[in-house]
Amino acid sequence: MLVSAAFANAAEPVDSVDFDDLPWYRQLAASKFDLNRPGIKYPKFMRFCVDVYNWGDRTFNTYDTTYVAGTGKKWKAMVRSYNWNQSYVMHFSDRNYLGINSDIYSDLGVHLSFMAVGIGYTVDANALFGHSTHPRHNFNFNFVCALFSAGISYSKATGGTRIKHFGDYDPGYKLNYDFNDISQESFTGTLYYFFNHRKYTQAAAYNFSRYQLKSAGSWLIGFGFSNQRIKMDFSGLPQDMLSYLPSLKTSYSFRYTDYDIMGGYGHNWVLRPRKWLINLTALPSVGYKHSYEGTTEGRKDMFSTNLRGLFSVVYNHRSLYAAMIGNFEGHFYFTDGYTFFNSTNSISILTGVRF
């Protein structure tokens, strides 16, 4: 109710009313949401919140101003196209492997944020344009400041995949067989620290709240976890194709959780300050893998190794910005007879305005 009142009265000329006589929320709106404008009469709790925010901003968002600058804006509005798919590889030997890719899922969304708080809405673009889709769900959340980056992601999909390679099976043409007896559910999280956090900002490449003025990079270290649940059943394939399955098993189940230490490097290339920026970040990890009852190989504790990668190309024009962002997250599962690798891959195209 207070926020609505602030917006409703923000356009009223301040000169017609003495600033000191306005309620605090109208003072904040009249000062264009400058939290530290002198004279704003915050209630005790709001003053406490502002003090906490200022402490956090000083502690977690301090940069060398010759390398990093703020945008001078607190609001952002954005339209985003998010496109993602999954891939699966079971590697038995050099030529004897299975390759499976999912369809490309597309979402369209709008997002509005004020400083570190935002709200968004996303629709299924495949269904919006009349294309049939298989059941799938996707959720991503990321937070970036000068010192660290944190994120969680969740995806779930059933069916909608195509077999691209199936052992020594050769139908005489490029294999692209519809395969729907597969399901995948993934929940992952990361938290990593920037060593060169005064000169390097991930925020310029991925949430557009900073400008990188000079090229810089940083070594990264952190922690990641990943829970994977994947099932594949090949028993329904045609018999002439099934006979080329590199294993006697016709169904596979993977359910495991990884706890990893991550280390890597991120770099921002500034092609033109405040205009063009390219980022590339690589985060390999190693750690401990625990597989659960119901997994094809049974319950066991194993060595874990995974790989994460990000890239971003950003263009800024005054208050406008546009970007292409890519994300790769791959997970390895090693057994005596084969290696299983699954990945989630995404490309986002977005455009927005700061105000």
Requested in this report: Output every pair passing salt bridge (Lys or Arg N to Asp or Glu O under 4.0 Å) with a member in residues 150-170, not counting sequence neighbours, ordered by first then second residue.
Outcome: R95-D168, D103-R162, R162-D178
Query raised in the report: Taking only residues at least two apart or on different chains, which pairs with a member in residues 228-237 satisfy salt bridge (Lys or Arg N to Asp or Glu O under 4.0 Å)?
Result: none
Query raised in the report: About how many Å separate CZ of F139 and CZ of F187, when rounded to the nearest 0.5 Å?
Result: 8.5 Å
Query raised in the report: So how far is it from S348 OG to N327 CG, rounded to the nearest 0.5 Å?
Result: 8.5 Å
Query raised in the report: What pairs with D258 under salt bridge (charged side-chain N to carboxylate O under 4.0 Å, His left out), at least two apart in sequence or on another chain?
Result: K289
Query raised in the report: Less than 4.5 Å apart, any side-chain heavy atom of L98 and any of F92?
Result: yes
Query raised in the report: Minimum heavy-atom separation for L108 to S81, with atom names?
Result: CD2-CB, 3.8 Å
Report task. Measure across G160 and Y105 and return the closest heavy-atom pair with its distance rounded to 0.1 Å. Result -> O-OH, 4.2 Å
Query raised in the report: Taking the side chain as C-beta and beyond, is there a heavy-atom pair between S155 and Q184 under 4.5 Å?
Result: yes
Query - Distance flag, aromatic centroids of Y321 and F208, threshold under 6.0 Å - result: yes
**Report entry** Non-hydrogen side-chain atoms of V79 and L350 separated by less than 4.5 Å
**Finding:** no
Report task. May I ask you to test the Y333-E297 pair for a side-chain heavy-atom distance under 4.5 Å? Result -> yes
Requested in this report: Classify the ring geometry between H165 and Y97 as parallel (under 30°), tilted (30 to 60°) or perpendicular (over 60°).
Outcome: parallel
**Report entry** Sequence neighbours excluded, every pair satisfying salt bridge (Lys or Arg N to Asp or Glu O under 4.0 Å) that has a member inside residues 342-355
**Finding:** none
Query raised in the report: If you look only at pairs with a residue in residues 65-74, which of them pass as a side chain to side chain donor-acceptor pair (under 3.5 Å), with sequence neighbours excluded?
Result: D64-T66
Report task. Look at the aromatic rings of W75 and F355 and report parallel, tilted or perpendicular, splitting at 30° and 60°. Result -> parallel
Requested in this report: Decide whether E329 and S343 meet the rule of one side-chain donor and one side-chain acceptor closer than 3.5 Å.
Outcome: no
Report task. Output all residues satisfying side-chain contact (heavy atoms from CB on, under 4.5 Å) with Y192, sequence neighbours left out; order by chain, then residue number. Result -> S149, T190, F194, Q202, L220, M262, L283, L310
Query raised in the report: What residues, two or more places apart in sequence or in another chain, satisfy side chain to side chain donor-acceptor pair (under 3.5 Å) together with S319?
Result: none
Query raised in the report: Taking atom types as modelled, is there a side-chain donor on S153 or T188 under 3.5 Å from an acceptor on the other?
Result: yes
Query raised in the report: Atom CG of N207 and atom NZ of K76: how far apart are they, to the nearest 0.5 Å?
Result: 5.5 Å
Query - ILVMFWY cluster membership beyond Y211 - transitive side-chain contacts under 4.5 angstrom - result: L213
Requested in this report: Each residue besides F332 in its hydrophobic cluster should be listed here, by chain and number; the cluster joins Ile, Leu, Val, Met, Phe, Trp and Tyr at side-chain heavy-atom distances under 4.5 Å.
Outcome: L307, F328, F334, F341
Query raised in the report: Can you check whether M241 reaches F234 side chain to side chain, under 4.5 Å on heavy atoms?
Result: no
Query - Short side-chain to backbone donor-acceptor contact, T295 and G298, under 3.5 Å - result: no
Query - Within 6.0 angstrom of F303 CZ, more than 12 heavy atoms from elsewhere - result: yes
Query raised in the report: Is there side-chain contact between I100 and Y177, with at least one heavy-atom pair below 4.5 Å?
Result: no
Query raised in the report: When you look at F254 and F340, which way does the ring pair (Phe, Tyr, Trp, His ring centres under 6.0 Å) test go after all the steps?
Result: CA-CA 9 Å; F254 303 93; F340 178 67; 4.1 Å; yes
Query raised in the report: Side chains of Y265 and F195: closer than 4.5 Å at any heavy-atom pair?
Result: no
Query raised in the report: Quick one: which of M90, Q228, Q86 gives a side chain to side chain contact (heavy atoms under 4.5 Å, CB included) with N342?
Result: Q228
Query raised in the report: Taking the six-membered ring for Trp, are F166 and Y169 parallel (under 30°), tilted (30 to 60°) or perpendicular (over 60°)?
Result: perpendicular
**Report entry** Plane angle bin for H290 and Y288 - parallel if under 30°, tilted between 30 and 60°, otherwise perpendicular
**Finding:** parallel
Requested in this report: Establish, yes or no, whether the cationic atom of R255 lies under 6.0 Å from the six-membered ring centre of Y292 and within 45° of the ring axis.
Outcome: yes
Requested in this report: Report the C-alpha separation of H331 and R308 in whole Å, then their side-chain angles, then the decisive distance to 0.1 Å, and conclude whether the side-chain contact (heavy atoms from CB on, under 4.5 Å) test is met.
Outcome: CA-CA 9 Å; H331 306 274; R308 295 173 174 86; 4.3 Å; yes
**Report entry** With sequence neighbours excluded, residues passing salt bridge (charged side-chain N to carboxylate O under 4.0 Å, His left out) with R47
**Finding:** D51
Report task. Only counting residues at least two apart or in another chain, list the ones meeting side-chain contact (heavy atoms from CB on, under 4.5 Å) with F223. Result -> F225, Y259
**Report entry** Qualifying residue for side chain to side chain donor-acceptor pair (under 3.5 Å) with Y206, from N279, N142, T201
**Finding:** N279
Query raised in the report: Sub-3.5 Å donor-acceptor pair from the side chain of Y25 to the main-chain atoms of Y42, do we have one?
Result: no
**Report entry** N268 and Y200, any side-chain heavy atoms less than 4.5 Å apart
**Finding:** yes
Requested in this report: Can you measure from OH (Y82) to OG (S346) and round to the nearest 0.5 angstrom?
Outcome: 4.0 Å
Query raised in the report: Cluster partners of W276, using ILVMFWY side-chain heavy atoms under 4.5 angstrom, listed by chain and number?
Result: W269, L271, I278, L280, F311, V313, Y315, M324, I347, I349
Requested in this report: Taking atom NZ of K275 as the centre, report whether more than 12 heavy atoms of other residues, nucleotides or ligands fall under 6.0 Å from it.
Outcome: yes
Query - N/O donor-acceptor pair under 3.5 Å between D260 side chain and S285 backbone - result: no
Query raised in the report: Where is the tightest heavy-atom contact between F19 and I40, given as atom of each residue plus distance?
Result: CZ-CG1, 4.2 Å
**Report entry** S209 side-chain N/O to A203 backbone N/O, donor-acceptor pair under 3.5 Å
**Finding:** no
Requested in this report: Indicate yes or no for a side-chain donor-acceptor contact from T296 to the backbone of S253 under 3.5 Å, with no hydrogens or angles considered.
Outcome: yes
